[in-house]
Amino acid sequence: MAGSSCALQSLRILVFCALAAAATTIAPRAMSPCAYSMSRTILAVTGLDPYFITCAGDASLSDDGADDASKKAGSGGPIVTDLRWCGKPDPLKHPAPPFQCCQPMTTSEPVNFTFPDPAEPLRTRRPAHEAGSEHMAKYRRAVALMKALPRSDPRSFYQQANVHCAYCSGAYRQAGHPELPLQIHFTWLFFPFHRAYLYFFERIAAKLLGDPGFALPFWSWDVPEGMRIPDEFADPASPLYNARRNPRHLPPKVNDLEFLDAESNYTDEQQIQRNLWVMHKQMITNARLPSLFLGQPYHAGDSAMPGAGTVELCPHNTMHLWAGDISNPNVEDMGVYYSAGRDPIFYPHHANIDRLWDAWRHIMRTTNGNQTKVDFTDPDWLDSSLLFYDEDARLVRVAVRDMLDVGKLRYTYDGVGLPWLNARPPTSPGVNSKRNHLKSVAFPVSLDVAVTVEVTRPQPPRSRQEEVLVVEGIEANNADYVKFDVYVNAMEYHKVRPGGRELAGTFVTLKQPGGERDTMKTSMRVALSELLEDLGAGRDNNIAVTLVPVRGKVRIGGLRIEYVAE
């Protein structure tokens, strides 16, 4: 069996070479077998996966008509995805096979996204814990139907899971910048990418079910009633079951939105309250600007992972780790980017992330007026584009600007409230009494032990702007999970109550592709305006910032405070 498979693969490669040679003879203008039309047609005819053919460095694959100056690192412009720039993902230690994840090649050019017909049924996404047995049965059947499709079908569950791997594990390279991986995490592409991903996954499921109104359930881990893995995902006989989940976190275990690898000792009531405080901090206190919530700008030619938004760090990353099997080398499936999409709970998890984006937009506009800015206006964000296969197996190019209005996309959320909206964390008295004994700190510093730094607050501008603490020059070990906490005015941080207000922010990463000696380089931002008001420090000239390592090797380049208006 293995021999026949190898023979078939060899035959395909020989056919590719023969067709490529013929093409260069017959069509002198296409001198490279990796030229645009040749790569699509030949790869599709031979059935070869695109990672077998590497075109890196071939000028014929760069942006059409782009001059050399526009291709230099840091040159700017929107991020663009091209199937020809997908290959083997960056290495990861002990991955669970298969570790290849490019979307299937097609002979057709991608079509541009068009909004669904306004006459289509409005899809209503409901929480899994109360969606009802009939609705969850539809999701079960949809996953079963997708798993039954041939692996080569871009609509199959296998290929849908690979979409996340391709965009998140270094398989895609930036079009025009082949030396740079395309990574949607820790950037302003995080929310739009996952919205588009779920949009097409949902429509594929609806088409297979023959139910135009089918909507994904969402896992509402931010509300008390939903803070458990839904029962339907714990049945070993169900297509929704995945053996690679943490067995200690099966229902009725209450989830921990700050989880890394250690179990908490709280009662269910205490854990639920803590979760609500976390949600308030990440959705309200620290999320007053688009860049704080959505993530940092990411232009063509930029290095990957400039900085994550609040919700991506926690609870997004922490819930991935909470669901994954911690006994696996990389906490597969949910606990690492390349395999997360293999677990059927990934899609309800990200439906909740998408719901929180929609809720944040509504909160910002309701609280601060309709003129409040909830989107970036930078055309590099709006025009960045991604590729997905739709319910008819057509390759579709989607721009970020297409993903900003769920009404136009014909779906909505229903069924739960926002119990964390007013769950403002309590302050902890008597934790800031030793500021006179601070030692000077020379950055950069390896965060092996807790470090406290007195940071000077600059003179505030006359116009109202958000005061932001920037933790810059973060270098984290790719081969491990990294977590550190940021406390403000808490010299005795170990006395801060669980969920206390002084815990200003939490930095969490999953394992990253790359070798053990590689590091991810990023930044973190913590909003200060509301926090300092609660701590009674609004008029202080300085604040004490304490960085507390929790796990993993991390190096900090520096701390500063800036005022930001968006």
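- Taking every heavy atom of both residues into account, Leu260 and Val550 meet most closely at CD2-CG1, 4.4 Å.
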Give the intermediate values and the outcome of ring-ring contact (aromatic ring centres under 6.0 Å, His included) for residues Trp188 and His299.
CA-CA 10 Å; Trp188 63 5; His299 308 274; 5.2 Å; yes
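- Remark: the backbone N or O of Phe186 is paired with a side-chain donor or acceptor of Glu312 at under 3.5 angstrom.
- When only modelled atom types and interatomic distance are considered, Tyr337 and Gln183 share no side-chain donor-acceptor pair under 3.5 Å.
- For Tyr389 and Phe201, the gap between ring centers reaches or exceeds 6.0 Å.
- Rounded to the nearest 0.5 Å, atoms CG (Leu321) and CG (Asn330) are 11.0 Å apart.
- Minimum interatomic distance between Tyr563 and Pro461 (heavy atoms only, all atoms of both residues): CG-CD, 3.5 Å.
- Thr285 pairs by the side chain to side chain contact (heavy atoms under 4.5 Å, CB included) definition with His280, Arg501, Glu530, not counting sequence neighbours.
- Note: Tyr411 and Tyr413 have perpendicular aromatic rings, judged against thresholds of 30 and 60 degrees for the angle between ring planes.
- Looking at Ser169, its side chain never comes within 3.5 Å of a backbone N or O of Ala166 through a donor-acceptor pair.
- Between Pro78 and Pro379 the shortest heavy-atom distance is CB-O, 4.5 Å.
- Side-chain atoms of Ile284 and Met279, non-hydrogen and from C-beta on, never get closer than 4.5 Å to each other.
- Residues passing the side chain to side chain contact (heavy atoms under 4.5 Å, CB included) test with Arg401 are Leu382, Asp383, Ala399, sequence neighbours excluded.
- You'll find the side chain of Asp153 stays beyond 4.5 Å of the side chain of Gln159, heavy atoms only.
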Does Phe157 form a side chain to side chain contact (heavy atoms under 4.5 Å, CB included) with Leu149? I'd like the steps, not just the answer.
CA-CA 8 Å; Phe157 193 81; Leu149 291 173; over 6 Å; no
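- Side-chain atoms of Ser523 do not come within 3.5 Å of backbone N or O of Glu472 as any donor-acceptor pair.
- Residues Arg397 and Phe113 fail the side-chain proximity criterion, which asks for heavy atoms closer than 4.5 Å.
- Panel note: side chain Glu566, backbone Ser291; a donor-acceptor pair is recorded below 3.5 Å.
- Side-chain atoms of Tyr172 never come within 3.5 Å of backbone atoms of Pro89 as a donor-acceptor pair (strictly under, hydrogens ignored).
- With hydrogens and angles ignored, the 3.5 Å screen pairs a side-chain donor or acceptor of Thr81 with a backbone N or O of Ser385.
- The shortest non-hydrogen separation linking Pro306 to Pro297 is CG-O, 3.3 Å.
- Below 30°, between 30° and 60°, or above 60°: for Phe191 and Phe293 the angle between ring planes is below 30°, a parallel geometry.
- Of all non-hydrogen atoms in Ala206 and Arg123, the two that sit nearest each other are CB-NH1, 3.3 Å.
- With sequence neighbours left out, the ring pair (Phe, Tyr, Trp, His ring centres under 6.0 Å) criterion links Phe443 to no other residue.
- The shortest side-chain heavy-atom distance between Gln103 and Cys86 does not fall under the 4.5 Å cut-off.
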What's the verdict on side chain to side chain contact (heavy atoms under 4.5 Å, CB included) for Glu562 and Gln465, showing C-alpha distance, side-chain angles and the deciding distance?
CA-CA 9 Å; Glu562 63 183 16; Gln465 297 182 24; over 6 Å; no
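- Residues Leu189 and Ile79 are in side-chain contact: their nearest non-hydrogen atoms beyond the backbone lie under 4.5 Å apart.
- Between Asp82 and Leu387, the shortest heavy-atom distance links the atoms CA-CD1, 4.1 Å.
- Looking at Asp90 and Arg173, a side-chain N of the basic residue comes within less than 4.0 Å of a carboxylate O on the acidic one, giving a salt bridge.
- A donor-acceptor pair under 3.5 Å is formed between the side chain of Thr318 and the backbone N or O of Leu257.
- For Glu391 and Arg203, the salt-bridge test passes: some basic side-chain N is under 4.0 Å from an acidic carboxylate O.
- Between Thr519 and Asn478, the closest side-chain pair of non-hydrogen atoms is not below 4.5 Å.
- No donor-acceptor distance shorter than 3.5 angstrom exists from the side chain of Glu466 to the backbone of Asn286, with no hydrogens or angles considered.
- Each of Thr366, Asp405, Asp375 was compared with Arg361 under the side chain to side chain donor-acceptor pair (under 3.5 Å) criterion, and only Asp375 meets it.
- In this structure, Arg551 is not positioned above the aromatic face of Tyr481 in the sense of NZ or CZ being under 6.0 Å from the six-membered ring centre and within 45° of the axis.
- Remark: the backbone N or O of Thr310 is paired with a side-chain donor or acceptor of Gln282 at under 3.5 angstrom.
- A salt bridge does not link Arg155 to Asp392: none of the charged nitrogens lies less than 4.0 Å from a carboxylate oxygen.
- Note on ring orientation: taking the six-membered ring where Trp is involved, the planes of Phe193 and Tyr197 are tilted (angle from 30° to 60°).
- Ring-plane geometry between His320 and His316 is classed as perpendicular, the angle between the planes exceeding 60 degrees on a 0 to 90 degree scale with a lower cut at 30.
- Ion pairing between Arg125 and Glu202 holds under the 4.0 Å rule for side-chain N and carboxylate O.
- Separating the CG atom in Leu547 from the CG atom in Leu559 is a distance of 5.5 Å, to the nearest 0.5 Å.
- Between Trp221 and His349, the gap from one ring centroid to the other is short of 6.0 Å.
- Looking only at distances, a side-chain donor or acceptor of Thr187 sits under 3.5 Å from a matching main-chain atom of Ile184.
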Stepwise, does the side chain to side chain contact (heavy atoms under 4.5 Å, CB included) test hold for Phe200 with Val163?
CA-CA 11 Å; Phe200 288 105; Val163 171; over 6 Å; no
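- Looking at heavy atoms from C-beta onward, Val278 lies in side-chain contact with Glu258 at the 4.5 angstrom threshold.
- Val311 places none of its side-chain heavy atoms less than 4.5 Å from the side chain of Trp360.
- Contact check on Arg457 versus Glu467 returns a salt bridge, with a Lys/Arg side-chain nitrogen under 4.0 Å from an Asp/Glu carboxylate oxygen.
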